[in-house]
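Right, one structure below, let's go through it.
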Amino acid sequence: MSVDLSVDYCGFQLENPFVLAPSPSTDQVDQLIKAFEAGWAGAVLKTVSIDSSVVRRVFPLVMKMEHLKGFMGLQNIDLISEHSVEQIEQTIRYLKKRFPFKAVIPSIIANNKGDWQMLAHRMAAAGADLLECSIFFPHGADWGLGAKIQEPASTEEIAGWVKEAAGKVPVVVKLSAQDSDIIATAAAVERSGAEGVCALNTLKSISGVDLDTLIPTPNIAGLSTYGGLSGPALKPIALRCTAEIAQKLNLDIAASGGITTWQDGAEFLLLGASSLQLCTAVLRFGVGIIDELIIGLQGWMEEKSFQSLTDVIGRSLPYLVGHSHLPRGIQVVSYIKADCCNQCGDCYDVCRTGGHDAVFWTEGFPEVDIRRCIGCGLCQAMCSSQAISLTRLMGER
């Protein structure tokens with residue numbers, strides 16, 4: 001069966017849903033050429049402002065975020081592109097001439113109507129396929145970059161300015177995970193006439209504290225600052241935002257936050273995203289991961305008999321309901337498969353401290369007392385060997 005990965009994103013036909021998010025990977029023409037030749041459907045250029053040349057970076061720009069030696073993501077204190085508006089215009093023209101069917105999407109940021117509209121007009125005139133507005137910038141507010149918070153009224157106003165100046169070029173607004181009501185802000189984007197949203201931006205964070213020097217990381221000559229968290233740690237938040245927006249509004253959604261594998265991408269598509277932006281995964285593994293992303297997504301779609309992405313996008317949304325609509329009275333209990341168990345004892349410990357003391361040991365293996373087990377799922381969540389399942393009691397329907 002032939003699988004069609006092309007998708008309409010805000011009126012532009014992407015050859016596949018995978019797009020590079022704005023990052024160091026999208027700030028140099030030679031890197032963008034490699035990415036497009038590798039098979040990426042498009043790229044959001046690193047954010048530009050009229051004051052790009054004024055912003056001076058500090059180093060190091062990026063810190064790895066780990067917990068129990070597991071990779072969680074990256075915290076960056078990088079700022080916007082140091083390229084001038086003229087250089088970004090040249091990049092757009094060159095890329096569109098060489099790759100006419102790839103999506104070239106400049107990201108813009110400003111702090112007044114005149115600058116927003118000037119940037120929008122110039123990017124559109126240079127040949128941009130879409131425009132992405134970075135209204136909130138987690139660690140750039142003290143430079144005068146973007147708003148300190150993102151909220152509906154100003155978002156609608158700014159998106160309206162950009163839409164007015166962009167003409168026929170579609171406009172996408174990047175949303176913040178720190179928004180107190182992301183649905184209200186997304187609704188404001190819809191009212192503005194903009195075509196889509198990107199969910200979502202990095203999350204303002206601190207990567208850690210050096211316990212020897214007592215200085216938070218990264219250490220910049222004895223001082224530190226807040227940064228933007230990206231990567232796998234953001235995925236559950238980004239999934240929630242994507243689903244809520246898709247359920248309540250009629251906007252195209254670019255999912256961004258924690259997409260590392262084709263499985264991650266499929267989850268976002270099932271929850272309503274129409275394109276997928278990757279940053280941290282590309283920085284970790286290189287632009288060549290596009291092959292695995294495409295092959296994996298195609299293979300899964302064939303297995304599920306999905307012929308196109310229209311069969312996939314939003315398919316899981318009907319299963320998401322309010323808590324009060326969940327079925328009640330279905331009793332389940334834990335079942336431990338002895339042949340899979342590694343005898344780590346985590347299920348025993350968690351049931352004693354957070355459950356109902358239903359797990360006990362017999363002949364070196366944990367077992368479940370179904371008279372005490374209420375099916376809370378704590379033991380299954382903590383099991384490292386996938387040896388625990390939740391099953392209905394005999395006679396339950």
Side-chain angles (χ1 to χ4, degrees), residues 9-12 19-29 32 42-55 78-96 103-141 143-148 150 154-176 185 188-189 192-202 228 251-252 254 256 275 277 279:
Y9 173 54
C10 296
F12 186 91
V19 174
L20 292 174
S23 74
S25 300
T26 64
D27 203 31
Q28 303 296 332
V29 173
L32 290 163
V44 183
L45 308 184
K46 194 172 182 183
T47 305
V48 66
S49 175
I50 60 167
D51 297 321
S52 292
S53 60
V54 177
V55 178
D78 197 4
L79 294 170
I80 62 176
S81 175
E82 292 182 322
H83 294 315
S84 67
V85 177
E86 291 78 11
Q87 289 172 305
I88 299 297
E89 289 172 314
Q90 292 172 11
T91 296
I92 295 169
R93 293 189 183 100
Y94 174 82
L95 291 174
K96 288 311 301 178
V104 179
I105 310 169
S107 171
I108 60 174
I109 191 168
N111 54 22
N112 61 64
K113 179 179 180 180
D115 291 347
W116 278 111
Q117 292 200 318
M118 182 273 287
L119 286 168
H121 176 75
R122 290 180 64 170
M123 297 299 109
D129 296 300
L130 301 96
L131 287 176
E132 188 170 284
C133 301
S134 187
I135 292 175
F136 171 77
F137 195 64
H139 43 282
W143 282 93
L145 297 173
K148 292 185 178 180
Q150 189 169 6
S154 61
T155 298
E156 181 176 357
E157 184 176 46
I158 291 169
W161 294 340
V162 174
K163 187 61 193 167
E164 180 182 14
K168 296 182 180 180
V169 176
V171 172
V172 175
V173 174
K174 196 161 191 174
L175 301 179
S176 167
T185 304
V189 173
S192 76
E195 287 79 2
V197 293
C198 177
L200 37 77
N201 210 330
T202 55
L251 288 166
D252 278 5
S256 178
S275 70
Q277 291 188 17
C279 168

- Message: Using every non-hydrogen atom in the two residues, find where W116 and N111 come nearest and quote the distance to one decimal.
- Response: NE1-N, 4.1 Å
- Query: Can you tell me how far NZ of K174 sits from CD1 of I108, rounded to the nearest 0.5 angstrom?
  - Reply: 13.5 Å
- Message: Rounded to the nearest 0.5 Å, what separates atom NZ in K163 from atom CD in Q117?
- Response: 13.0 Å
- Is the backbone N or O of V48 less than 3.5 Å from a side-chain atom of S81, with the two atoms forming a donor-acceptor pair by type? no
- Is the shortest side-chain N to carboxylate O distance from R122 to E86 below 4.0 Å? yes
- Message: I'd like to check P170 versus Y9 (side-chain heavy atoms, cut-off strictly below 4.5 Å). Are they in contact?
- Response: no
- Task: Enter the distance from K46:NZ to E82:CD here, rounded to the nearest 0.5 Å.
- Result: 7.0 Å
- Query: Looking at CG of N201 and CD1 of I135, how far apart are the two atoms once the value is rounded to the nearest 0.5 Å?
  - Reply: 10.5 Å
- Report yes if the side chains of Q28 and T91 come closer than 4.5 Å at any heavy-atom pair, otherwise no. no
- Query: Would a 4.5 Å heavy-atom cut-off, applied to side chains only, mark I92 and L45 as touching?
  - Reply: yes
- Query: For D27, does its backbone N or O pair with a side-chain atom of H83 as donor and acceptor, under 3.5 Å?
  - Reply: yes
- Between Q277 (side chain) and L20 (backbone), is there a donor-acceptor pair under 3.5 Å? no
- Before accepting this row, confirm whether a basic side-chain N of the pair K113/E157 lies closer than 4.0 Å to the acidic partner's carboxylate O. no
- Distance-only, no hydrogens or angles: does the E132 side chain make a donor-acceptor pair with backbone N or O of V172 under 3.5 Å? no
- Exercise: identify the closest heavy-atom pair between S192 and G160: CB-N, 3.8 Å
- Counting N and O atoms only, with roles assigned by atom type, does the side chain of T47 sit under 3.5 Å from a partner on the main chain of I80, one being a donor and the other an acceptor? no
- Taking the side chain as C-beta and beyond, is there a heavy-atom pair between T26 and V44 under 4.5 Å? no
- Do any N or O atoms from the side chain of D129 and from the backbone of V104 form a donor-acceptor pair under 3.5 angstrom? yes
- Of all heavy-atom pairs linking P106 and L131, the shortest is CG-CD2, 3.5 Å
- Taking C-beta and beyond as the side chain, do D115 and S49 meet within less than 4.5 Å on heavy atoms? no
